[in-house]
Amino acid sequence: MNNSTPSTGVYANGNDNKKFKGDRPPCSPSRVLHLRKIPCDVTEAEVISLGLPFGKVTNLLMLKGKSQAFLEMASEEAAVTMVNYYTPVTPQLRSQPVYIQYSNHRELKTDNLPNQARAQAALQAVSAVQSGNLALPGAPSNEGTVLPGQSPVLRIIIENLFYPVTLEVLHQIFSKFGTVLKIITFTKNNQFQALLQYADPVNAHYAKMALDGQNIYNACCTLRIDFSKLTSLNVKYNNDKSRDFTRLDLPTGDGQPSLEPPMAAAFGAPGIISSPYAGAAGFAPAIGFPQATGLSVPAVPGALGPLLITPHGLFILFGVYGDVHRVKIMFNKKENALVQMADASQAQLAMNHLSGQRLYGKVLRATLSKHQSVQLPREGQEDQGLTKDFSNSPLHRFKKPGSKNFQNIFPPSATLHLSNIPPSVTMDDLKNLFTEAGCSVKAFKFFQKDRKMALIQLASVEEAIQALIELHNHDLGENHHLRVSFSKSTI
């Protein structure tokens, strides 16, 4: 959106844009809702999908440059229901929390705004579904070209199946768009596929619109969704390949164990889906690392299949104890990784402090590796982002000889030291930041002599490790990025 677009008046009232420090009085209910912190790569359909369960969405204004959007509902009642629903359960888009409040506007006037074509196209697609007029966009209406949209059954193909996708994960993702009755998974033409039946064809449309082309996990497991010619699924067995959620009495068949429903809980909740690593909310792997300069992190028995930490996450964590030059998560053993440190003493330090710590529910084991360095993939070699070179990263903590960071290396602890805090950021802002990352904050205090620094105490060491991975270098605005370290003090 170009900068000349008005950001006050009818398009986006100044109050909607300035401060989100929790210090502005809540607006009175309006059918226009103000969304903030939306991811920059989010689509119009994904934003609209947040409002669909509550009623008709009548207009949308995306302010991508400001990570904001305005969503207009058909009625104030629908908007109130939506705000009430999302107040205790923060919605997510692409695994990022999104914040919703009433706007000062009573309606959105977007007629003359540039860049509105995509929003209008997405809204037209939705209203066609809602009115039951399922003609293909652009198809001559007299031909009556109707989508096979009467079917509540979707056919789902998962491309680039890098991690196993379970029936539970599909149920969790697709349930966001309506009641899922049945799922059957199978492999056909060497592709993992699923058939999924909703209670209502309209839900199938919403789900296809929002999810088609999305990745379940970071840069892989891409969903390709079509309507099935079938209008109903016949499920004979409830097991890890098929499930009829309306009939819990079905046998498992084949002696295959049925997946326990709590399995879904182990997976945290991908937003409208995308990277489970963004906060790795409950996603759980083990790790490892490399010698001389290397550490290796071995398998944890019974670890869940999906990779639950990225090379970047390992870089941040091991970077507390030395400068990490390269990280490689093993292609065939995703629960193992190599971490190349700047020198052998840093590798030893990282191993001493991190081995035996819990991370995402697993125990981390770190040993010195026989590899002296991590090889980068050859050009054209498919690596799927598992090997990363961080040697030129601006985030190294120890690149300056004699840096005072060398004196502040402590073992993982439940109390974190925060620094580089800008003056406008309050205690509540920081507490909220950690709460939104899934932490429970037990205590907080600013340093008396230097308000740029603070201590925050979380519920456990594991929680603090995960918070450090997620929030170190978090952008606090005013060109300040939060620095997070383990503290030797308690509050």
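Remember, it's a predicted structure, so these values are computed and weren't measured experimentally.
- Residue L196 comes nearest to L170 through the heavy atom pair CD1-O, 4.5 Å, listed as atom of the first residue, atom of the second, then distance.
- Within the 3.5 Å criterion, the main-chain N or O of A69 finds no donor-acceptor partner in the side chain of H34.
- Residues I173 and I216 have side chains in contact (heavy-atom distance under 4.5 Å, counting atoms from C-beta outward).
- Side-chain polar atoms of T58 and E72 form a donor-acceptor pair below 3.5 angstrom.
- With hydrogens and angles left out, the side-chain atoms of R397 and S485 include a donor and acceptor closer than 3.5 Å.
- Under 3.5 Å, the side chains of H474 and R483 contain no donor-acceptor pair of N or O atoms.
- With hydrogens and angles left out, the side-chain atoms of E436 and N432 include no donor and acceptor closer than 3.5 Å.
- Counting heavy atoms from C-beta on, the side chains of Y102 and V32 never come closer than 4.5 Å.
- More than 12 heavy atoms of other residues, nucleotides or ligands sit less than 6.0 Å from atom CG of D450.
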query = Is there a ring pair (Phe, Tyr, Trp, His ring centres under 6.0 Å) between H105 and F70 once you walk through the steps?
reply = CA-CA 10 Å; H105 310 308; F70 290 87; 5.7 Å; yes
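- The minimum heavy-atom distance linking V98 with K37 is given by the pair CG2-O, 4.2 Å.
- Other residues, nucleotides and ligands contribute only 12 or fewer heavy atoms inside 6.0 Å of the NZ atom of K488.
- The closest side-chain donor-acceptor pair between T43 and E46 falls under 3.5 angstrom.
- A 4.5 Å side-chain heavy-atom check between L223 and D212 finds every atom pair outside the cut-off.
- Considering CD of Q357 and CG of L364, their distance stands at 8.0 Å, rounded to 0.5 Å.
- Closest of all the heavy-atom pairs between V461 and A414 is CG2-N, 3.8 Å.
- Take S67 and apply the side chain to side chain contact (heavy atoms under 4.5 Å, CB included) test, not counting sequence neighbours, and it matches no residue.
- Atom CG of L455 sits about 6.0 Å away from atom NE2 of H417, to the nearest 0.5 Å.
- Under the 3.5 Å distance criterion, the side-chain polar atoms of Y86 are left unmatched by any main-chain donor or acceptor of Q101.
- Closest approach of A350 to M341, counting heavy atoms only: CB-CE, 4.0 Å.
- Here the straight-line distance linking atom CD of Q375 with atom OG1 of T387 works out to 10.0 Å at 0.5 Å rounding.
- N215 and T222 are linked by a side-chain donor-acceptor pair at a separation below 3.5 angstrom, with hydrogens and angles left out of the test.
- The two residues L468 and I316 have their closest heavy-atom pair at O-CG2, 3.7 Å.
- Here the side chains of F410 and Y321 are not in contact, with every heavy-atom distance at 4.5 Å or above.
- Under a cut-off of 6.0 angstrom, the local environment of CG in N479 is sparse, with at most 12 non-hydrogen atoms contributed by other residues, nucleotides or ligands.
- Two residues are said to be in side-chain contact when any heavy atoms from C-beta on lie closer than 4.5 Å; V441 and L430 fail this criterion.
- Classified by interplanar angle (parallel below 30°, tilted 30° to 60°, perpendicular above 60°), the ring pair F315/H312 is tilted.
- Once rounded to the nearest 0.5 Å, the distance linking CE of M62 with CG of L35 reads 9.5 Å.
- No donor-acceptor pair under 3.5 Å is formed between the side chain of D475 and the backbone N or O of H481.
- For T426 and D428, the side-chain atoms include no donor-acceptor pair closer than 3.5 Å.
- S440 OG to F434 CZ: the interatomic distance, rounded to the nearest 0.5 Å, is 12.0 Å.
- Side-chain contact check for E478 and S424: at least one donor-acceptor pair (N or O, by modelled atom type) lies under 3.5 Å.
- Residue T185 holds its OG1 atom at 10.5 Å from CD1 of I156, rounded to the nearest 0.5 Å.
- In this structure, the side chains of V324 and L314 stay at 4.5 Å or more apart for every pair of heavy atoms.
- Among all heavy-atom pairs drawn from A207 and I225, the shortest one is O-CD1, 4.4 Å.
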